[in-house]
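Here the structure comes first, spelled out in structure tokens, and everything after it is commentary.
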Amino acid sequence: MPPANTRGGDQKGFPSIAPACHVSCVSEQTIDSQTWRLLEPAGLAWRCWDDEYIVFHPWSGMTHYLDATAGAVFELLLDHAATVHDLATALAGLADTPATDNLSTVVQQVLHRFDAVGLAEPMP
Amino acid sequence: MRLGSVPEPVLRAQFRAAGVRMRLAGLCLNLRTDVPAVIGQIVQMYEDLPLEAGVGIDDYRLRLTYASPLRRFVGRRTQIYIEGEAPFFPTPHRLAYLLVEAALNWCIRQTVSNVILHAATVEREGLAVILPAPSSSGKSTLCAALVTRGWRLLSDEHAVLRPADGRLQPIARPISLKNESIGLIRQWAPDGHFSPAFSWAIGEDIVYLRPPADSIARATETARPALIVAPAYRAGAPVTLQPLGKSETFRLLVDNCMNYHTTQRCGFDAIAGLVDSCAAWRLSYGTLEQAVDAMEALLARARMDPMTSRPTITTA
């Protein structure tokens with residue numbers, strides 16, 4: 001039977017927003033103090049199930065799966081814009097652990113991924 | 001008037017001239033054909049379908065005919081046109097009915113106002129169950145087993161989810177059974193009305209089971225989804241039920257959604273809403289008796305406590 005060839009399943013493309021490569025050309029101090037915000041958060045649709053955030057991004061048409069860390073950053077940014085330092089401190093508070101440099105690095109990586117997919121941007 | 005109640009000569013003339021109008025999933029489909037053999041097969045499978053009145057709006061016009069004048073007599077092959085376009089390759093005359101079913105699927109999948117899932121859907125006592133699964137996983141087999149035991153058939157191939165109210169639109173069409181499931185369902189429901197076997201490749205057979213008349217009569221009654229059950233058939237295996245997490249269920253539904261990208265935010269909201277409101281399980285089964293019992297038990301639990309009912313793993 002010849003296929004109808006109409007199913008759009010090959011373009012679903014659900015990237016997981018996990019920390020990837022960290023690209024930076026400014027000092028850690030500058031990055032830490034830079035304020036980040038979500039891009040037009042009112043237009044986003046999202047759910048949090050089983051410690052995983054699933055975010056539909058209407059401008060790209062993409063659905064993003066966020067792991068627990070990325071999801072927590074996303075939720076904090078939903079509340080208000082924040083610096084890497086603020087976010088790392090808040091995450092540490094949630095996990096009841098000290099805010100380490102390693103945690104700040106992870107937050108930076110998450111924010112850069114958010115930036116790459118158009119979810120968040122550093123404020124000018 | 002039902003398709004099966006129209007005198008055969010009148011029906012054949014209508015198929016050849018203006019076409020026969022069928023209403024499926026809210027669509028009005030006009031089918032014309034000059035292929036005599038397929039008319040009898042359509043009547044056999046859609047006997048209880050009400051015919052639309054002679055005047056109306058056709059959403060799609062389908063025409064099944066021979067692939068060329070020569071193909072009417074030599075190496076007979078048929079072709080189906082939808083609004084003048086031929087989305088499928090020509091097919092041997094003996095498989096012409098498969099072209100009709102494929103074309104109906106094609107039309108339903110073009111809908112953008114509803115979310116279309118690759119899933120069977122059944123209903124009992126007001127609660128609908130969605131059975132999403134890839135082909136050859138036992139979805140249609142389980143669907144056929146249930147509807148021959150009193151469940152209402154909503155659809156075999158496409159779950160049509162209405163974003164506006166989150167309800168399922170019925171499309172009571174013949175259930176397609178393939179290969180091993182043909183014998184299983186013939187044995188399970190010996191009184192069922194089956195089409196001839198269509199062999200489209202060596203060892204690859206399709207037989208259709210006519211939908212129950214009651215399911216067709218209730219074609220305009222939408223149903224509220226209460227459960228999502230992903231079936232998997234493995235001959236002889238014990239029945240097992242595993243709860244699915246919400247996130248996993250979302251991925252399962254999106255993977256089986258045929259128009260997720262075109263429905264955009266509406267599709268996300270509709271599927272997320274479905275996940276929010278339904279409990280979900282993975283059902284593995286090796287016999288139809290066990291599978292039907294497991295479905296009855298799940299439905300009973302869902303009726304008592306729709307969101308918190310979580311099955312324990314059961315075996316036969």
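Every chain is numbered from 1 and lettered A, B, ... according to where its sequence line falls, protein lines coming before strand lines.
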How long is the gap from CG on A/D50 to CD on B/E248, to the nearest 0.5 Å? 8.5 Å

Working to the nearest 0.5 Å, report the span between OH of B/Y260 and CZ of A/F56. 6.0 Å

Can you tell me how far apart NE2 (A/H57) and CD (B/Q264) are? Round to the nearest 0.5 Å. 11.5 Å

Nearest 0.5 angstrom please: A/T63 OG1 to B/R265 CZ, how far? 11.0 Å

Looking at B/D165, I want to see if its CG is surrounded by more than 12 non-hydrogen atoms of other residues, nucleotides or ligands under 6.0 Å. yes

Give the minimum heavy-atom separation between A/W49 and B/K246, together with the two atoms involved. CG-CB, 3.2 Å

Is the CG atom of A/D115 crowded by more than 12 outside heavy atoms at less than 6.0 Å? yes

